[in-house]
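Since the model is a prediction, treat every value here as computed from it, not as a measurement.
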Amino acid sequence: MNSNKRAAKIVGVLFILAAVTAIIGLKLYDPILKGPDYLITGSEHANQVILGAVMELLLVVSAVGTATTMFPILRKYNETIALWHVCFRFLEAIVITIGVISVLSLLTLSREFVAAGAPDSASFYASGTILKAVHDWTFMLGPLFMLGINTMMYSYIFYQTKLVPRFIPILGMTGATLVFICALLVMFGVIQQISVWGGILALPVAANEMILAVWLIVKGFNESALSSMTAKN
């Protein structure tokens, strides 16, 4: 297996890993992010919450992995855009990591709340509200705002170079635009991120990642397009 085919398979696997860990991680956070008694249920399900954090950290690794693995290929067409893609993917990873820290901090607060017997529940819940808000904002900025920028960058290069069939980057650029719009609508309070409209606007970019992942694992990058890019450099 040559290096390009190996890189394609790695990127495909990492895209799938990112999607799976993101979904599982968010679901495992339910006890500490949902319900009025989250400071109690969070402590009761501490191991589940920690496992959710581990899933999101795997998501961070996957996000960084896709960017760094694609960089040597994308830079053959446009090094500037390829570098931007890496930088914004790192920013996405940092934002998600901040969200993980906020949830783990909330778990610590939950444990302290239970251990203290809630002598001043108002102050605990005030701190909890702040930590939940930090998670909610990072959950929007990472998987929506930054994701839209990243997807547009690599999809544009894929479209120009024909490294993959053009219907995939067209779906990617469409999905990137819609998920970026979704991020702005959520920021201005027009829609909720976890809602019907939020799901509809995020669906194309999710579909693009899964279709791209499967294509890269099964078919890899277009070798003739890669050869043409290499010859130009």
Side-chain angles (χ1 to χ4, degrees), residues 1-24 58-93 95-96 142-183 198-233:
M1 184 186 299
N2 65 38
S3 60
N4 292 327
K5 287 186 177 296
R6 186 181 301 109
K9 290 184 181 297
I10 291 173
V11 172
V13 170
L14 289 175
F15 268 126
I16 293 174
L17 181 62
V20 172
T21 53
I23 294 170
I24 294 176
L58 288 175
L59 166 60
V60 167
V61 172
S62 301
V64 173
T66 57
T68 53
T69 305
M70 284 197 292
F71 177 73
I73 295 172
L74 299 181
R75 72 190 294 263
K76 294 177 182 178
Y77 175 76
N78 190 310
E79 187 169 5
T80 300
I81 295 178
L83 185 58
W84 284 356
H85 175 252
V86 171
C87 291
F88 277 102
R89 186 68 83 177
F90 267 89
L91 283 175
E92 178 186 346
V95 169
I96 294 172
L144 291 184
F145 191 89
M146 294 296 180
L147 178 63
I149 297 173
N150 292 327
T151 303
M152 180 62 74
M153 289 180 181
Y154 73 72
S155 294
Y156 169 77
I157 292 181
F158 284 170
Y159 179 82
Q160 293 293 331
T161 59
K162 299 181 182 178
L163 284 170
V164 295
R166 276 189 162 174
F167 77 90
I168 298 177
I170 288 174
L171 177 60
M173 289 186 287
T174 302
T177 302
L178 292 177
V179 82
F180 189 81
I181 291 172
C182 180
I200 291 173
L201 291 173
L203 182 60
V205 76
N208 166 72
E209 289 191 351
M210 292 304 96
I211 294 171
L212 176 61
V214 172
W215 183 272
L216 292 178
I217 292 171
V218 176
K219 296 288 189 178
F221 293 113
N222 184 334
E223 290 295 333
S224 62
L226 281 170
S227 299
S228 176
M229 289 165 62
T230 302
K232 290 179 180 179
N233 288 286

Legend entry - L74 CG to T69 OG1 distance, which is reported to the nearest 0.5 Å: 10.5 Å
Inset, instruction - Kindly compute the distance separating CG (L144) from CG (L178), expressed to the nearest 0.5 Å. - result: 11.5 Å
Inset, instruction - Could you tell me whether the side chain of K9 and the main chain of I217 form a donor-acceptor pair under 3.5 Å? - result: yes
Legend entry - With V20 via side chain to side chain contact (heavy atoms under 4.5 Å, CB included) - residues at least two apart: I16, I24
Legend entry - For A22, all residues meeting side chain to side chain contact (heavy atoms under 4.5 Å, CB included), sequence neighbours excluded: L59
Inset, instruction - For F221, check ring pair (Phe, Tyr, Trp, His ring centres under 6.0 Å) against everything at least two apart and list the hits. - result: F158
Inset, instruction - Please confirm whether the backbone N or O of M152 pairs with a side-chain atom of S155, one donor and one acceptor, at under 3.5 Å? - result: no
Inset, instruction - Applying ring pair (Phe, Tyr, Trp, His ring centres under 6.0 Å), name anything that partners F180, two or more places apart in sequence or on another chain. - result: F145
Inset, instruction - Pick out which of F90, Y154, Y77 makes a ring pair (Phe, Tyr, Trp, His ring centres under 6.0 Å) with H85. - result: Y154
Legend entry - Side-chain donor/acceptor of T66 to backbone N/O of A63, under 3.5 Å: yes
Legend entry - Contacts of type side chain to side chain contact (heavy atoms under 4.5 Å, CB included), residue L171, not counting sequence neighbours: P204, A207, N208, I211
Inset, instruction - Not counting sequence neighbours, which residues clear side chain to side chain contact (heavy atoms under 4.5 Å, CB included) with L83? List them please. - result: F71, C87
Do any side-chain atoms of residues 159-166 form donor-acceptor pairs under 3.5 angstrom with protein atoms, and if so which ones, sequence neighbours left out?
unit_1: T161; atom_1: OG1; unit_2: I157; atom_2: O; d: 2.7
unit_1: T161; atom_1: OG1; unit_2: L163; atom_2: N; d: 3.4
unit_1: R166; atom_1: NE; unit_2: Y159; atom_2: O; d: 2.9
unit_1: R166; atom_1: NH2; unit_2: Y159; atom_2: O; d: 3.2

Legend entry - Test side-chain hydrogen bond (donor to acceptor under 3.5 Å, both in side chains) applied to E223 - qualifying residues, sequence neighbours left out: none
Legend entry - Non-hydrogen side-chain atoms of M153 and I149 separated by less than 4.5 Å: yes
Legend entry - Rounded distance [0.5 Å steps], OG1 in T151 versus CE in M146: 12.5 Å
Inset, instruction - Apply side-chain hydrogen bond (donor to acceptor under 3.5 Å, both in side chains) to N4 and list each qualifying residue two or more places apart in sequence or on a separate chain. - result: none
Inset, instruction - Could you list the residues that satisfy side-chain hydrogen bond (donor to acceptor under 3.5 Å, both in side chains) with T80, not counting sequence neighbours? - result: none
